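It should be emphasised that the depicted structure is a prediction, and the values quoted were computed from it without experimental measurement. By convention here, the first residue in the shown sequence is residue 1. Just so you know, these numbers use all the heavy atoms, side chains as well, and skip hydrogens, waters and symmetry mates.
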Amino acid sequence: MEYITGVVERITFVNEENGFSVIKIRCKGFPELVTVVGNLAAVNVGAVLRLKGSWKYDTKYGKQFNAIDYRESVPATIAGIEKYLGSGLIKGIGPVYARRIVRRFKEDTLRIIEEDTDRLMDVEGIGKKRLDMIKKAWQEQKEIKNVMLFLQSNGVSTAYAIKIYKAYGNESINIVKSNPYRLADDIWGIGFKTADKIAQQLGFEKKSFERCRAGIIYVLNELSNSGHCYALREQLISEAVKMLEIEEDMINDTIDRMIEEKSVIADEKDAIYLPAFYYSETGTAKRIREIVSGQTWIIPINIDKLIHEIEREHNIKYDQVQIDAIRTAVMSKFMVLTGGPGTGKTTTTLAIIRAFQKMGKKVLLAAPTGRAAKRMSEATGMEAKTIHRLLEYRPPEGYQKNADNPLKCDVLIIDETSMVDIILMYNLLKAVTNETVVILVGDVDQLPSVGAGNVLKDIIDSGYVKVICLTRIFRQALGSAIITNAHRINKGYMPNLKTGRESDFFFIEEEDPKKVVETIKELCSKRLPRYYGVDPINDIQVLCPMQRGETGAQNMNAVLQDALNPTNISLKYGGIEYRLNDKVMQIKNNYEKNVFNGDIGTIVKIDMEDKNLVLCFDGNYVNYDVTELDEVVLAYAITVHKSQGSEYKIVVAPFTMQHYLMLQRNLLYTCVTRAKEVFVLVGTKKAVGIAVSNNKIQQRNTMLAERLKG
């Protein structure tokens, strides 16, 4: 082993997942900068490092020092101190303030910040607010560094140190030492495997109850991420044995103990639930039964006369199924209205709203996402809120609208119900009185919710509530190849891929993934904006069957970002470059910011000095610290799953054999029905054919339909 000492001049690369870094340091006795590689994620530009390691020669990059350990000391020179402070180490001090502070305090700078921080007020531009920010950040970075070094010494990634510190503060190291498995429960982004790695390093027994318990909860959470509300005991044991590599008996005993302590719930059919999913599923079934059997209105007027009045006012003639839907809505307590595109769901919903209004009833409208709520507002001319906003969700108290403080309405209509998961549905129905009429509107053939459950399908399959299914495609919709092809796909027929220049559905055949990417880039940046006169960022959406691969959303985002937004005003985090005016999507519900999974927004401001950004989501301006950007991804291209409930002027979609695992009928159907004016499919007929013929929808572990029947 050798030792070298030098000042960090440049950080070339950091892998946020495992902390592997490439840095350049200036060392005495070396004429040029020395390249150092190793787990160095906690270091900053300007820091003085004493590194332990060995020299190696890389055929591509030349001579490098491979560091296995390091010790950091503060820089001694004025230039070093300025570089150190200006590196973004401390929020509130960027290059400009670093220069001013060092010019004022010279070699004493770091001592002043540590011991006599208030003197920074002598520096031009530093007021009370910035001083408080610097004080807090200086203390935090010392603590964070301790957490990082602790994690490093246990051979674990340092990428999550800031999150750990934010969650536990000065108790971080004590908590991690006593029960590292808490990290998987408490910190978003840290899964069981990372926590388990830390635990192994800290000497936790492979067969410890804490490890088995955490592993079982991890398996149940993973299943819920795939849409399941529960695991059958046999399935849970099998998955846990595979992952934990311990005997079945140990898993069985742990499950029994967890049932006793109520950290999981066992149903009579040997189904094991996490409590939130059990209470949501049983609670949803109970609430639907209570609403259905609640007090029924006495109809004060002739329904047929009411329908004729609405037809006359709107100059429209409803068909028999639509008339049945209006009549059923007025006479039922709980109803589902379903149907594909062009079958008149919106027109029928409008008629139902009008009928209730004529009866003097108060109607509330809601949808699962901001975009779906906005569409509902535009279609009805009434206010429609997201379900979270309707229920006035406020962290940490939770939903303000609930059984004790219910929604004040006679009728509640929810659109895009196929997107609603079991937990959200339960919280919604808890806030509804037994006298309220509930109408669920949605297309049951679309992809089910991202969260656990298959609520709309289960309610329909139960046969417990009234269901009206609209099947007739109206004449004006028949002129759209998007709508006719969507219905062909849904029935298992190949879409018509040979369409004329005036069509709204186009197919570009291309097998080579590289050429697919180039074609989509050309379509989005030049051809479509030029021909249709649209905004390439806001009016065109690329929808991919999956995230990974050359034609997946991740790579398409990098390509489209360079083509559509080539600015150099940016911040990097987690391997992604976030640029001013980038189109982005929130991928986690953040109740404090009032931003939810699937919301699409724009980066409207980047503060390079303080390392934070302002994002705008439908007029809601939200601040993000750079460390919170793992909740946000680029959204020039998104997955079809993430597009549910949204409509876009123009949709461009790659469908190639690279997406083989995801080629399913309901995925292609959902993809096509997201396009309002133009749909462009780029790929192969073979991939489209496989998707159309694959109608094997993964069954989700849910019992809502049975509970309603039962």
Report the C-alpha separation of E313 and K358 in whole Å, then their side-chain angles, then the decisive distance to 0.1 Å, and conclude whether the salt bridge (charged side-chain N to carboxylate O under 4.0 Å, His left out) test is met. CA-CA 12 Å; E313 282 173 15; K358 279 182 168 291; 2.6 Å; yes
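- No side-chain heavy atom of T670 sits less than 4.5 Å from a side-chain heavy atom of L543.
- A 4.5 Å side-chain heavy-atom check between I307 and Y318 finds at least one atom pair inside the cut-off.
- Under the 30°/60° scheme for interplanar angles, the aromatic rings of Y273 and Y230 are found to be tilted.
- Looking only at atom types and distance, the side chain of E281 has no donor-acceptor partner in the side chain of Y426 under 3.5 Å away.
- The existence of a salt bridge linking K269 and E706 is confirmed by a sub-4.0 Å separation between a basic side-chain nitrogen and an acidic carboxylate oxygen.
- Of all the heavy atoms in A276 and S280, the pair that sits closest is O-OG, 2.7 Å.
- Not one N or O on the side chain of Q541 forms a donor-acceptor pair closer than 3.5 Å with the backbone of V652.
- Here R527 does not pair with E522 in a salt bridge; the nearest charged N to carboxylate O distance is not below 4.0 Å.
- The main-chain N or O of D324 is found under 3.5 Å from a side-chain atom of T328 such that the two form a donor-acceptor pair.
- In terms of modelled atom types and a separation under 3.5 Å, the side chain of N557 and the main chain of L634 share a donor-acceptor contact.
- Side-chain contact check for I352 versus I439: some heavy-atom pair is nearer than 4.5 Å.
- Salt-bridge check for D304 with R327: passed, with a basic side-chain N closer than 4.0 Å to an acidic carboxylate O.
- A salt bridge links R375 and E416; the closest N-O separation between the charged side-chain nitrogens and carboxylate oxygens is under 4.0 Å.
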